[in-house]
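It should be emphasised that the depicted structure is a prediction, and the values quoted were computed from it without experimental measurement.
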Amino acid sequence: MTMTLDTPVESTQSLAPPSAARWRRWTRPALGLLLPLTAAVAWEWAVAAGWSNGRLVPPPSTVISTIDELARSGELFRHMATTLERVGAGFALGVAAGTVLGAISGYWGLARQLLDPTIQALRAIPSIAWVPLFILWLGIFELSKVALIAVGVFFPIYLGVMGAILSVDRKIVEVGRTFRLSGPAMIRRILLPAVLPAYVVSLRVGLGLGWMFVVAAEFMGASEGLGYLLIDGQQLGKPAQILAAIVIFAILGKTTDWLIEIAAMPFLRWQDAFAPSRGAF
Amino acid sequence: MLVLDRVGKTYPNGVNALERFSTEIRLGEIVAVIGGSGCGKSTLLRAIAGLDRASYGAITLDGEALTAPHPKVGIIFQEPRLLPWLSVADNIGFGLSDVSATERRERVAAALAKVGLSDKAKAWPRELSGGQAQRVAIARALVVRPEVLLLDEPFSALDAFTRRDLQDHLLDLWSETRPTLVLVTHDVDEAVVLADRVVVMRPRPGRLFEQAEISLARPRDRNSELFETTKRRILTALDRSLDQAAPDPTAAAETGDALWW
Ligand SMILES: Nc1ncnc2c1ncn2[C@@H]1O[C@H](COP(=O)(O)OP(=O)(O)OP(=O)(O)O)[C@@H](O)[C@H]1O
Ligand SMILES: [Mg+2]
């Protein structure tokens with residue numbers, strides 16, 4: 001009885017501010033890591049104990065040593081760079097096109113009536129369906145891959161920007177009008193800051209789709225890239241290599257997403273959710 | 001002098017929100033506009049602010065027609081309408097983009113001090129209470145030194161204590177530069193505390209029904225007998241304005257500055 005009573009008392013003491021905030025900052029990611037780490041350790045242990053040969057599902061140590069080997073030979077860096085370049089180029093193109101067309105559609109009603117039905121119809125087509133056409137038009141090399149990624153990135157950005165502009169609070173725009181802001185000043189001082197939070201969200205969604213589509217693009221024939229590592233691992237029966245590529249995808253995807261979040265943070269500090277004490281970090 | 005000459009507004013959907021509204025408002029006068037819901041008070045204010053154009057008639061400030069937002073005319077809405085991405089200080093300085101940074105800083109600091117929020121200069125709008133946010137909105141409107149300040153039910157979303165506090169506060173601020181105030185309110189108490197003149201409107205179509213000069217000395221004692229009597233008179237006029245059968249004295253008002261009682 002005394003034991004069970006003691007424990008919570010101690011833990012509340014250790015949670016007392018100001019260490020409480022620090023404590024929480026470290027425990028939250030740690031809590032998130034608990035499940036995958038436990039699973040990894042358990043699997044490692046199961047294979048070591050001989051309960052499984054680990055051939056189809058290699059233990060973490062094998063995956064890590066595969067990553068290590070690939071890194072030492074310089075291959076890993078080459079594949080990563082290629083995939084990153086493709087995602088980067090496709091993302092940049094998709095963001096540029098989505099932002100421009102989304103802004104035009106959001107701002108001018110006539111443009112929206114002209115453009116939006118067509119774009120919405122195109123959106124209904126599964127993007128992978130474009131692959132054969134892109135290959136015919138752009139060849140099987142980089143261009144068709146970048147185009148496919150750009151298509152995937154384009155739609156969330158377009159919808160995000162248009163929706164954000166359409167939902168800017170009229171009441172706040174009126175404040176700008178009473179202070180007689182010129183057109184450009186209205187865009188810079190009211191529209192852009194009002195649209196930014198939704199824009200950042202659509203950038204992150206777009207980037208996620210970019211990573212999804214780069215795999216599809218690299219499946220359609222590539223001699224380099226993380227997607228190639230996947231296919232190569234499948235054809236040569238190297239599950240460790242597949243898992244290594246998947247782990248790298250996860251790390252790159254999370255890192256690039258995090259970079260967008262970091263870059264946007266100074267501009268979104270005014271939002272409740274981005275307050276440092278309650279942020280995602 | 002702010003002159004409204006037979007101002008009318010018909011919305012595109014055919015609603016006749018305001019009809020033949022005429023009055024003259026002296027510089028520094030405080031006019032309270034009261035009337036039932038939907039009688040065109042906001043329509044009137046938005047037309048003076050230049051946010052919506054009147055369909056008929058003319059609104060002039062010192063002879064200059066007001067058809068678009070004017071630098072000498074400010075407006076405060078029922079909601080504070082602060083820009084959530086700007087700090088309190090930057091919100092107040094929002095309309096001062098054409099003065100030097102140093103002057104802007106000084107004027108914003110002075111305005112913050114006047115509304116008693118110096119310690120909130122760096123806060124975000126979301127961190128303010130309703131009353132504090134509305135103070136910031138008042139400071140933002142006054143810092144550009146308007147000649148005419150329009151207020152559309154500025155305190156109606158606040159609790160009774162905060163409302164009184166801000167009414168007194170508004171009077172303090174007004175006494176410094178004495179701009180013209182046109183205040184729409186549902187609160188007869190508020191109208192009698194603040195106004196030199198109360199304009200009662202009636203609906204369908206929205207028009208001027210009666211107006212009354214309030215000559216009580218300032219500061220006004222909310223508990224005095226004279227205050228109560230004045231309030232009762234306004235309430236009676238308000239009741240009559242809502243009575244469909246009551247005759248419409250507006251026509252007489254147009255011919256001269258006739259006042260009742
Ligand atoms: N944008 C608009 N389009 C069409 N009709 C409108 C519009 N704004 C107001 N109206 C109509 O005009 C009339 C007057 O509206 P207004 O907002 O001026 O009334 P109000 O006196 O401010 O009322 P309240 O006291 O409820 O704020 C109402 O019948 C309203 O329905
Ligand atoms: Mg109104």
Mind checking the [atom1]-[atom2] spacing from [X] to [Y]? Nearest 0.5 Å is all I need.
{"X": "A/Arg189", "Y": "B/Phe94", "atom1": "CZ", "atom2": "CZ", "result": "4.0 Å"}
{"X": "B/Ser97", "Y": "A/Arg180", "atom1": "OG", "atom2": "CZ", "result": "8.5 Å"}
{"X": "B/Leu51", "Y": "A/Thr178", "atom1": "CG", "atom2": "OG1", "result": "6.5 Å"}

Heavy-atom pair with the smallest gap, counting every atom of B/Arg140 and A/Phe179: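 Where B/Arg140 meets A/Phe179 most closely, the heavy atoms are CG-CZ, 3.7 Å.
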
Which atom of B/Arg81 lies closest to which atom of A/Glu174, heavy atoms considered: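 Answer, listing the atom of B/Arg81 first, then A/Glu174: NH1-OE1, 2.7 Å.
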
Checking A/Leu196 against chain B: side chain, backbone, both or neither under 4.5 Å from a heavy atom?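 Neither part, no heavy atoms under 4.5 Å.
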
Please classify the contact between A/Ala185 and chain B as side chain, backbone, both or neither, with a heavy-atom cut-off of under 4.5 Å.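 A/Ala185 has no heavy atom closer than 4.5 Å to chain B.
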
Is chain A contacted by the side chain of B/Leu82, its backbone, both, or neither, given a heavy-atom distance below 4.5 Å?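 Answer is backbone: N, CA, C or O of B/Leu82 sit under 4.5 Å from chain A.
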
Student check: side-chain heavy atoms of B/Pro84 and A/Ile172 closer than 4.5 Å: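 B/Pro84 vs A/Ile172: side chains touch.
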
With side chains defined as the heavy atoms from C-beta onward, is the minimum distance between A/Leu192 and B/Trp85 less than 4.5 Å?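 They are not in contact (no side-chain heavy atoms under 4.5 Å apart), so the answer is no.
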
May I ask you to check whether over 12 heavy atoms, not counting those of B/Arg164, lie within 6.0 Å of atom CZ?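 Atom CZ in B/Arg164 is not packed in, count stays at 12 or less.
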
Using a heavy-atom distance cut-off of less than 4.5 Å, which residues of residues 144-158 of chain B contact chain A?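 At a heavy-atom separation under 4.5 Å, chain A is reached by B/Val144.
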
So if I take each residue of residues 67-80 of chain B and look for any heavy atom under 4.5 Å from a heavy atom in chain A, which residues do I end up with?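 Residues of residues 67-80 of chain B touching chain A at under 4.5 Å: B/Pro69, B/His70, B/Pro71, B/Ile75, B/Phe77, B/Glu79.
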
